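First up is the structure itself, then whatever we jot down about it.
What you see is a predicted model, and the numbers here were worked out from it, not measured in a lab.
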Amino acid sequence: MKQKDLAETKHLPSATTSDALDLATVEHHDPYKALRYRDFRLYFLAVFLAAVGEQMLSVAVGWELYQRTNSALALGLVGLVQVLPVMLLTLFTGSLADRVNRRRMMLGAQALFLVSALGLTVLSYLQGPLWLIYSCLVLNGIAASFSGPVTSSLLSQAVPQSVYENAATWESSSWQLASVGGPALGGLLIALFHRATPVYLLNVSAIAVAIICVALLRADYQPHRRAGKTSTLHSLAEGLRFLRGSQIMLAAITLDLFAVLLGGATSLMPIFARDILRVGPTGLGFLQAAPSIGALCMTLCMAHTPPFKKAGRALLLAVAIFGLATCVFGLSHLFWLSLLSLAILGAMDNVSVVIRSTLLLTRPPDEMRGRVASVNSLFISMSNQLGGFESGIAAQLFGPLSAVVAGGLCTLLVVALVATCWPEMRHLGRLNELPASQHQTEGADPT
C-alpha cells in the first residue's frame, strides 16, 4: 500500500479501518508479486526443473524396469527404496537445515540428485545390473530427504513475509505444471527413441540448470548460535515441542494427512479406467492429468484474487469438498463426471497445499523452520505411500467403489473432528497477519 493511503487510514475510526484496508488490498492486489523478486524467480525455476526431472525419472525407471523384468514387484520396489531414506532421515535433515547454511545444503541435495541421475543414465545405456539401478534410486531418496525440508525453509529467504501466501501459491503451481508436463515429455521421448536413456539425459540437464539457479540466489540463511550449540536430538525435541504447542499447525497437518490417507482415489484410477469407466489407457491418461489441471486452474484463481480473509474456514471447506469430490468419483460411471470430480479434487487439494505452506512459513520462527518442515515432509511422504497401500487393501477386500466412497466419507468425518477439536482453525483469519517470525526478510530485493 502506498504511504499516502496508509497515512489516510490511520485517521479513520477503528470500525472502518478494516474495511479501508480490505478495499486497498483489492485495489492494489498484485497477482505476480512474488515473481517480481529475483530470488523467487530463480527459486521457482529451480523447483520446477527439479520437479519435471523427478516426474520424467519416474516414467523412465518404471518403463525400463518393467521392460527388463515383466515384474510388478520390481515396480513396487521403486517406491519403497526411495521412500525409506525419506522416512528414516527427514527429521534429522530438518534439524540440519536449521543448523547450517541452507543454500549450500540445497546445493548439496541437488548434487546428490545429479550423481543419481548420471548413474541411471550410464546404467540405462549399458543395460547395467538391477541392483545398481536400485542403489541409484536409494541415493535419490537420500537426496530427497535433504531437499524436502531445506527447499521449504529456503523460500522464506526469497521473499518478505507479506508475500508468503502469493509465493506459496506460485510454488504449488510449479509442481502441478511438472505433474502434467513431466510424464508427457518422458513418455514422448521413450516413444521416439524406444529407450529410456534420453529421458535420463534430459533429467541430468534439468538438475544441472537447477543447481545453477540455486547457486545464483542472493538470499541466504546463517544458522543462529544457539541452534549451533545444541545437540541434534535436543534440536529435534525443540521442533516437535513447538509443533505440539501450535494448534493451528497440528490441525492443518492432520487435515492433510488423513485426507490423503483416506481419500486416495488417485491410486485406484487404473481400475476405474479399465473396469468401471471402460476408457482404456488413453482415458487413464486424462484421468491422471485431471487433478493437476484442476490444481493449475485454482492456482491462477488464487493468484488473481486477494488473500484469504478467513483462511481456517477456507481450509476446512476445501478439505470437505475434497471428500465430497472423492465420493462422486467413486460413484460415477460417466467419464465426464469422473474427470470433473477429479479436477475439483485437485483444485481443493491445491487450496490446502497453499494454506498449509503459508502456515509453515509464517508460524515457526526462522531458526525452527527446517525442523517443522521436516515433520510436514515426513507426514506427506507417509500419507502418500500409506494412502495408496490403504486404498489397495480396501479395494481388494470391499471393491474399488466402496473403498473410494468410504474414504471420501471418512475425510468428511475428519474435517468435522478437526473443526471440533481445534476451534482455533475455525477462527483463523488472514495468513499474512499471523505472528511474525523472529527473523524476516522484509528487505528482500524485488529486482
Side-chain angles (χ1 to χ4, degrees), residues 169 172-173 175-176 179-180 251-279 283-302 305 308 310-357 380 383-384 386-388 390-392 394-395 398-419 425:
T169 301
S172 70
S173 72
W175 171 255
Q176 302 301 341
S179 297
V180 174
I253 291 177
T254 300
L255 273 174
D256 181 77
L257 172 66
F258 285 99
V260 176
L261 186 64
L262 300 172
T266 54
S267 61
L268 300 178
M269 277 198 281
I271 299 176
F272 280 83
R274 191 188 71 177
D275 300 333
I276 298 173
L277 300 173
R278 302 185 185 280
V279 292
L284 175 60
F286 284 108
L287 290 173
Q288 289 178 327
S292 294
I293 293 173
L296 279 174
C297 293
M298 180 56 71
T299 293
L300 294 175
C301 289
M302 287 192 294
T305 54
F308 292 109
K310 298 178 180 179
R313 293 183 183 180
L315 178 58
L316 291 168
L317 181 61
V319 179
I321 296 176
F322 178 94
L324 287 173
T326 301
C327 292
V328 172
F329 175 76
L331 294 171
S332 172
H333 286 72
L334 300 173
F335 184 49
W336 68 266
L337 182 58
S338 297
L339 285 175
L340 179 61
S341 61
L342 286 173
I344 294 173
L345 181 151
M348 294 302 104
D349 182 57
N350 197 60
V351 173
S352 173
V353 167
V354 169
I355 294 177
R356 192 179 68 255
S357 298
I380 289 174
S383 61
N384 285 333
L386 295 178
E390 178 272 333
S391 296
F398 307 108
L401 296 180
S402 299
V404 171
V405 173
L409 293 175
C410 287
T411 300
L412 293 173
L413 178 61
V414 169
V415 172
L417 289 174
V418 168
M425 178 57 73

Side chain to side chain contact (heavy atoms under 4.5 Å, CB included) between Thr326 and Thr411, worked out: CA-CA 9 Å; Thr326 301; Thr411 300; 5.7 Å; no
Residues Phe322, Val351; criterion side chain to side chain contact (heavy atoms under 4.5 Å, CB included); working and verdict: CA-CA 10 Å; Phe322 178 94; Val351 173; over 6 Å; no
Stepwise side chain to side chain contact (heavy atoms under 4.5 Å, CB included) test for Leu345 and Val328: CA-CA 10 Å; Leu345 181 151; Val328 172; over 6 Å; no
Pair Met348-Val353, side chain to side chain contact (heavy atoms under 4.5 Å, CB included): steps then yes or no: CA-CA 9 Å; Met348 294 302 104; Val353 167; over 6 Å; no
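Side-chain polar atoms of Ser332 and Ser338 form a donor-acceptor pair below 3.5 angstrom.
What you find for Met298 and Ala347 is that their closest heavy atoms are CG-O, 3.5 Å. Taking both residues in full, the closest heavy atoms of Gly330 and Phe272 are given as O-CE2, 3.9 Å, listed atom of the first, atom of the second, then distance. The two residues Ile321 and Ile344 have their closest heavy-atom pair at CG2-CG2, 3.8 Å. Residues Ala311 and Ile355 share a closest heavy-atom pair of O-CD1, 3.6 Å. Residues Ala295 and Gly346 approach most closely at CB-O, 3.5 Å, considering heavy atoms. Nearest heavy atom pair, residue Ala290 against residue Leu339, reads CB-O, 3.8 Å.
Note: Asn350 CG to Cys297 SG = 10.0 Å, rounded to the nearest 0.5 Å. Put simply, CG on Leu324 and CG on Leu317 are 9.5 Å apart, with the number rounded to the nearest 0.5 Å. Rounding to the nearest 0.5 angstrom, the gap separating the CG atom in Leu315 from the CZ atom in Arg313 is 13.0 Å. In this structure, CG in Leu412 is found 11.0 Å from CG in Leu417, a value given to the nearest 0.5 Å. Here the straight-line distance linking atom CG of Leu316 with atom OG of Ser352 works out to 10.0 Å at 0.5 Å rounding. Separating the CG atom in Leu334 from the CG atom in Leu277 is a distance of 8.5 Å, to the nearest 0.5 Å.
Arg356 is not listed as a side-chain neighbour of Leu255, based on a closest heavy-atom distance of 4.5 Å or more.
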